[in-house]
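Input: a single structure, listed below in structure tokens.
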Amino acid sequence: MGRTNPTYRDALRAIEERWAEFRRALRRRDQPRFDRLFEYAREHADASGLLNHQNPLLPALLSIDLEQEARLDDHEERLEELEAAVATSDDQEAAPPDANP
């Protein structure tokens, strides 16, 4: 029987294990952030596996970038909504009071 190639998920797990000492050396507040990056990479493991890239770290990094870009888009959308709400509130406060009680 021939040997099978490791799956992308196996390769990603191996990358995470290689970075385990780095993770341990991080400040406690940064360790969950580090873990979140690998969660982002796992979110796109199906697409990354189809790529079958020689260096599995590159699709992982692009997956992380995609997730962070999505988070930025969400934050920008929320910021625009908040700015619009504040502008509406400011307009209402600046309007002269009604002459009719």
Side-chain angles (χ1 to χ4, degrees):
M1 285 281 159
R3 301 174 92 186
T4 59
N5 290 332
T7 66
Y8 178 76
R9 291 180 193 279
D10 292 337
L12 188 57
R13 198 172 302 116
I15 291 169
E16 192 170 7
E17 288 171 6
R18 283 195 302 269
W19 283 84
E21 288 184 37
F22 175 83
R23 183 194 181 280
R24 278 192 296 274
L26 290 172
R27 294 186 170 124
R28 286 192 192 272
R29 70 172 186 257
D30 291 329
Q31 290 177 357
R33 295 177 181 131
F34 178 88
D35 296 339
R36 197 174 315 126
L37 296 178
F38 277 95
E39 288 173 23
Y40 293 162
R42 284 189 289 274
E43 292 274 329
H44 299 279
D46 292 337
S48 297
L50 289 174
L51 183 60
N52 198 24
H53 198 279
Q54 289 178 333
N55 182 352
L57 183 59
L58 294 178
L61 293 174
L62 186 59
S63 297
I64 291 166
D65 286 343
L66 283 171
E67 286 296 317
Q68 290 182 335
E69 189 68 21
R71 288 177 54 104
L72 282 173
D73 288 346
D74 290 343
H75 289 305
E76 287 174 357
E77 187 177 307
R78 289 177 58 201
L79 180 60
E80 288 173 7
E81 290 171 4
L82 289 170
E83 287 174 340
V86 167
T88 301
S89 174
D90 288 347
D91 289 345
Q92 289 175 352
E93 289 177 9
D98 230 1
N100 296 331

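From a predicted model like this one, the values you see are computed outputs, not experimental measurements.
Minimum interatomic distance between Ile64 and Leu37 (heavy atoms only, all atoms of both residues): CG1-O, 3.2 Å. In terms of heavy-atom proximity, Leu12 sits nearest to Ala60 at CD1-CB, 3.8 Å.
Among Leu51, Leu57, Leu50, the single residue meeting the side chain to side chain contact (heavy atoms under 4.5 Å, CB included) criterion with His53 is Leu51.
Remark: Arg33 engages Asp30 in a salt bridge, criterion side-chain N to carboxylate O under 4.0 Å. Ion pairing between Arg13 and Asp10 holds under the 4.0 Å rule for side-chain N and carboxylate O. A salt bridge links Asp46 to Arg9: at least one charged side-chain nitrogen sits closer than 4.0 Å to a carboxylate oxygen.
By the rule that hydrophobic residues join a cluster once side-chain heavy atoms approach within less than 4.5 Å of another member, Ile15 and Phe22 end up as members of one cluster. Both Leu26 and Leu61 are assigned to one and the same hydrophobic cluster, defined by single-linkage of ILVMFWY side chains at heavy-atom distances under 4.5 Å.
With Ser89 contributing its side chain and Ala85 its backbone, the two residues share no donor-acceptor pair below 3.5 Å.
Here Glu81 contributes atom CD and Arg78 contributes atom CZ; the two are 8.5 Å apart, rounded to the nearest 0.5 Å. The line from NE2 of His75 to CZ of Arg71 is 4.5 Å long, rounded to the nearest 0.5 Å. Distance CD/Glu39 to CD/Glu16: 9.0 Å, rounded to 0.5 Å.
Considering only heavy atoms from C-beta on, Ser48 comes within 4.5 Å of Tyr8 through its side chain.
For Asp35, the side chain to side chain donor-acceptor pair (under 3.5 Å) criterion is met by Arg23, not counting sequence neighbours.
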* To do: Quick one: do His44 and Glu67 satisfy side chain to side chain contact (heavy atoms under 4.5 Å, CB included)? Show the steps, please.
  => CA-CA 9 Å; His44 299 279; Glu67 286 296 317; 2.7 Å; yes
